[in-house]
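Values reported hereafter were calculated over all heavy atoms of this structure, with side chains retained and with hydrogens, waters and symmetry mates removed. Not measured: the values here are computed from a predicted model. So that the names make sense, note that chain A is the first sequence line, chain B the second, and so on, each numbered from 1.
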Protein chains: 2
Amino acid sequence: MSDLEVRQLRYFVAVAEELHFGRAAERLGMAQPPLSRAIRDLERHLGVGLLERTTRQVRLTPAGEVLLRDARTALDAVSAAERRARHAGQPVRTLRLALKADHDAGMLPRMLAAYEREEAALPVELQLGGRGEQVAALRDGRADVALLPTPFDDRGLDVEPLLTEPRLVALPAADPLAARTELRPADLAGRLLPDGTAADGSDAPPAWPPRSLDLAQIFNLVEVGSIVWFLPESLARRHPRPEIAYRPVADLAPSTLVVAWPRESRSPAVAAFVRVARSVFADAGLSSPASPASGRS
Amino acid sequence: MSDLEVRQLRYFVAVAEELHFGRAAERLGMAQPPLSRAIRDLERHLGVGLLERTTRQVRLTPAGEVLLRDARTALDAVSAAERRARHAGQPVRTLRLALKADHDAGMLPRMLAAYEREEAALPVELQLGGRGEQVAALRDGRADVALLPTPFDDRGLDVEPLLTEPRLVALPAADPLAARTELRPADLAGRLLPDGTAADGSDAPPAWPPRSLDLAQIFNLVEVGSIVWFLPESLARRHPRPEIAYRPVADLAPSTLVVAWPRESRSPAVAAFVRVARSVFADAGLSSPASPASGRS
DNA sequence: CCGCATTGATACCGTACGGATATGAGTGAC
DNA sequence: GTCACTCATATCCGTACGGTATCAATGCGG
């Protein structure tokens, strides 16, 4: 019984995402008929129907839903293998650290300085990225280790918490709410977050598709009252702005800064970085409780 | 830049494991020359040397080591996708539960009975397997959920602890040590465990390659004094044997029975089983503290 | 020191499979 | 009923994968 091939998975994911053979074929840079045949062969190979097609619409079967999910993770794993092997073969090895700009609690310089003194240290290459970028980079092998705030999708990653701190809400200084010293979630009803979701936790649909905003853009939108924003205390402290007030919110889940890396990593350079990160935060008296042990054989 | 293909990864893993092109080719059911060429093409594609070969021996480069690890997980992910899709397409859906025989703290019947009453329940198919079998089955899609004791390699799995209980050591009843009510690790110096490792925690190399032993075999070996064995308290209670004494050992790490499932699973049947498992153990007054929250986006 | 055995690399060839083009067939819209 | 749309089928072609034959390099024994 021969194996599934990467090509088949790529084809299937394209069709399952587009739900349209023509567009999927275009996206894959090929003609539609061979794509149809490939999907048919895949279904025959699995002995399972993946797509229900009429001439007017294409839908996923339950088995197709399952395969779409698993195929994505399998494709991630394959391209991660490819990227990591490429990187491991480079003559100048580097430690690729993915992080969100400014989400380092101000400890990045100290961490890098301490890391340089490590035995197993490699030159560090910083990869600044937006929301979700870090995790994606770790998963597909573009980064070796990441610094990022919870919550995030930690599937396939090992995680070590570094610092837990309360989150504040950023408001226009002129906002009536800014007169209060502490807010309650209900006070923020009707306000939107940068990703378009409701700020009071109600499950209203996003007002617009989440765009990628940088810090300056967010602060500007906060200043003009378009949005409010939750951010860790340390980040607020580093961005004092006259037009913006930072206020605590009752019951707002705190944010934890963590260092994360791919579970299968055995790189000494990564291990050294994690060790250094922990000790830097511990030395600064900011350390979190030890992370729960998860069994390894 | 085209993708890596599953075939290439399979070939590379075979060669990297055998460190011998001829044997690897035989294992793959093909001739040696095309295998050599495939590996060369793979190295060219990656732009990275993976194997150092002389005519007398083959060795992995550092990049090869990295790829071997990542390729194995990628291949696991691919065959898991295949297996799960096949299973999801079966007209009679089942919940495939992997467990170690008798490592259920005696709660299996209650769990199954409670599970049957669940809304999302499917017929349960039990898969009894030896050490490490459960994890492998979860990872490559042969099982949907597993019941097994820590520690184990939990990469890629979500885990929910059910019951933590002390482990005891099984000794021949006639052993002088059996006269004591509690032992210390040092008392077991020189004794071997079923997997051939030293029972006192010293890092002596295994005396023989770990064989797969079933319970009856292990008990027999304990009775004749060949080995000692650590086992959870509940398991000892279910196997009272006149020729065997069970004694607590100071500082012996307890065993935790957990329910585990693939992280990417979204199956309601699995979720229901996990919920039932937790509640059965909770109702029995054996529940463990809640597992640590791990962030999910 | 020189064969000989071992083992990976190279050369060459046939075939099977993946992809393109052309066309058919079913379905919903007007 | 006709047209537009979309997926399936038929057929052809090129490439790339695998097989056989052979070479080249290395280590070992006589």
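The side-chain contact (heavy atoms from CB on, under 4.5 Å) check on B:E65 picks up B:L60, with sequence neighbours excluded. With sequence neighbours left out, A:F12 forms a ring pair (Phe, Tyr, Trp, His ring centres under 6.0 Å) with no residue at all. In this structure, the side-chain contact (heavy atoms from CB on, under 4.5 Å) partners of A:A14, at least two apart in sequence or on a different chain, are A:A24, A:R27, A:L28.
Taking 4.0 angstrom as the limit, B:T54 places none of its side-chain polar atoms (N or O) nearer than this to OP1 or OP2 of D:dT26.
Taken to the nearest 0.5 Å, the CZ atom of A:R275 stands 5.0 Å off from the CD atom of A:E118. Considering CG of A:L46 and CG of A:L42, their distance stands at 4.5 Å, rounded to 0.5 Å.
B:A121 and B:E116 get closest at one heavy-atom pair: CB-O, 4.1 Å.
Rounded to whole angstrom, the span from the CD atom of A:Q57 across to the C1' atom of D:dA4 amounts to 17 Å. Straight-line distance from the CG atom of B:L42 to the C1' atom of D:dG18: 17 Å, rounded to whole Å. In this structure, B:L35 atom CG and D:dG18 atom P are separated by 9 Å, rounded to whole Å. Residue B:I39 contributes atom CD1, which lies 11 Å from atom P of D:dG18 at whole-angstrom precision.
Across all strands, A:R53 comes closer than 4.0 Å only to sugar-phosphate atoms, never to a base (heavy-atom distances). Counting any heavy atom pair closer than 4.0 Å across all strands shown, A:R37 reaches a base atom.
Comparing B:Y11 and A:R40 along DNA chain D, the residue whose closest nucleotide (by nearest heavy atom) sits nearer the 5' end is A:R40. Comparing A:R56 and A:P34 against DNA chain C, the residue whose closest nucleotide sits nearer the 5' end is A:P34.
A salt bridge is defined here as a Lys NZ or Arg NE, NH1 or NH2 lying under 4.0 Å from an Asp or Glu carboxylate O, and A:R7 with B:D3 fails to meet this definition. Of the charged side-chain nitrogens involved, none lies within less than 4.0 Å of a carboxylate oxygen, so that A:R155 and A:D76 do not count as a salt-bridged pair. A salt bridge between A:K100 and A:E133 is absent, with no side-chain N of the basic residue lying under 4.0 Å from a carboxylate O of the acidic one.
No hydrogens or angles were tested; on distance alone, nothing pairs the side chain of B:R7 with the base of D:dC17 as donor and acceptor under 3.5 Å.
Remark: B:H20, B:F21, B:G22 in residues 12-24 of chain B come within less than 4.0 Å of DNA chain C through at least one heavy atom. The stretch residues 26-33 of chain B comes close to DNA chain C through B:Q32, B:P33, each having a heavy atom under 4.0 Å from the strand.
Within the 3.5 Å criterion, the main-chain N or O of A:V6 finds a donor-acceptor partner in the side chain of B:E5.
A donor-acceptor contact under 3.5 angstrom links the side chains of A:E82 and B:H45, judged on distance only.
Once you apply a 4.0 Å limit to the heavy atoms of chain A, the touched nucleotides of DNA chain C run 5' to 3' over C:dG18 to C:dG28.
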